[in-house]
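Below, read A as the first sequence line, B as the second, and so on, with proteins coming before strands; counting in each chain starts at 1.
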There are 2 protein chains.
Amino acid sequence: MESLSGTGYVILGMLGLGARTGYDIKGIVDRSTRFFWAASYGQIYPELRHLEKAGLVDGKSSPTGARKRKEYRLTEAGRAELVQWLGTPPQMPELRDESLLKLFFCDELPLEQALEQLRMRRLGHEQFLALLREIDARPGADPTFVALVLRYGIAYAEFNIAWCEEEEQRLRKAAREAA
Amino acid sequence: MESLSGTGYVILGMLGLGARTGYDIKGIVDRSTRFFWAASYGQIYPELRHLEKAGLVDGKSSPTGARKRKEYRLTEAGRAELVQWLGTPPQMPELRDESLLKLFFCDELPLEQALEQLRMRRLGHEQFLALLREIDARPGADPTFVALVLRYGIAYAEFNIAWCEEEEQRLRKAAREAA
DNA sequence: CGTAACATGTAACGCGTTACATGATTGG
DNA sequence: CCAATCATGTAACGCGTTACATGTTACG
């Protein structure tokens, strides 16, 4: 069996964490993994049907009154697939960071504007940090690893802020010394 | 004028840094930005033609003997477009980290296997770090911001390694206390 | 003489987003 | 009654990768 797309595993995982409908999954993703792995309805619904055909999830219609609604559960095979995937070693970290790309080309710019780039990166991460802290402060205890990943996000943002500050200072100092 | 794709800007930027042919651009990307922004021939060649039509680059045929070859240069408009893009503020950091996604779902797993996940993430970043250090040790001075981004990669890998170690310890300690 | 490096390109596919369309139910 | 939330879906598009195809030139 060829392996699923990343989003396929997100769906399996979310069903494992208690999500029931496609709508559910989307909601949970938007409040959690979206920072490092998003998912849209345009993928979720077709993928759920695909997973069902593959026997990894089991869907039964359970409408709320006249509102149509379909509940999915992991099958044994689905849980096995998820666990197997969790066990495979990760590839090189796959980043896609536009702000880093801009920084890479900053030799094109006068120093002031380049510093501004660095400042904007820092600001972005400061906003990001604020958002994560807010999520962190919300009541209710997350499962161990859900909380762990949230802590990672916070640490990551803090790391980036500190790095930007250091480099801003370093560049300013170098500029002073050149003058 | 609607804005270019990320790869469009990579091409402009690389031409700014001295790349001349599509082949050149691909080579430089593979040795530098590929860690946070890759590019394939399947994109580069069509995009170069597209940028030429848009007047952002200027291409002239300059074969090496009978081997066909086309040299591109940034036009004034192309440089302006690049600088303008560099000046726009970045969005939220857009991460796509499969290993983090796996960690997120580790509550499904017995602690030993979950710890193994964390260990594998660490190993991945250790390899990554080794690779970047190797690149860093290569002779030849990079432009300021090219070097800055390389330093970022190294710091990022080190941060991740340290974070994994800390969390491994924390989880082990929590497990001991629970026992 | 062979192979690595130089050089350009295309077609098919996969993954994912955006925008749109539709409708029921709950709570203020 | 109205707005927010619940709920499901599709079509078009954009971006990017992979695999393939082709040929030249430099170097050991």
| A:Phe105: ring pair (Phe, Tyr, Trp, His ring centres under 6.0 Å) partners, not counting sequence neighbours | none
| message | Please tell me whether B:Lys26 and B:Ser40 have a donor and an acceptor in their side chains that are separated by less than 3.5 angstrom. | response | no
| said: Mind checking if A:Arg96 touches a base, just sugar-phosphate, or nothing, with heavy atoms under 4.0 Å? | reply: sugar-phosphate
| task | Provide the full list of ring pair (Phe, Tyr, Trp, His ring centres under 6.0 Å) pairs with a residue in residues 50-73 of chain A, sequence neighbours left out, each pair given once. | result | none
Could you list, one pair per line, each protein nitrogen or oxygen that sits under 3.5 Å from a nitrogen or oxygen of nucleotides 21-25 of chain C, together with the distance?
unit_1 : atom_1 : unit_2  : atom_2 : d
C:dA24 : O3'    : A:Arg67 : N      : 3.4
C:dT25 : OP1    : A:Thr64 : O      : 3.4
C:dT25 : OP1    : A:Ala66 : N      : 2.5
C:dT25 : O4'    : A:Arg67 : NH2    : 2.8

| Is A:Phe104 close to B:Val146 at the side-chain level, that is, under 4.5 Å between some pair of heavy atoms? | yes
Donor-acceptor contacts under 3.5 Å from residues 123-139 of chain A side chains, at least two apart:
unit_1   : atom_1 : unit_2   : atom_2 : d
A:Glu126 : OE2    : A:Arg122 : NH1    : 3.3
A:Arg133 : NH2    : A:Glu158 : OE2    : 3.0

| said: Checking the side chain of A:Thr75 only, and the main-chain atoms of A:Gly55 only, is there a donor and an acceptor separated by less than 3.5 Å? | reply: yes
| query | Heavy-atom contacts under 4.0 Å between residues 36-53 of chain A and DNA chain D, which residues? | reply | A:Tyr41, A:Gly42, A:Tyr45, A:Arg49
| query | Just the endpoints, please: which first and last nucleotides of DNA chain D, 5' to 3', lie under 4.0 Å from a heavy atom of chain A? | reply | D:dT5 to D:dG16
| query | Is A:Thr64 reaching over with its side chain to a backbone N or O of A:Arg67, donor-acceptor style, under 3.5 angstrom? | reply | no
| query | Is the number of heavy atoms from other residues, nucleotides or ligands under 6.0 Å of A:Gln84 CD greater than 12? | reply | yes
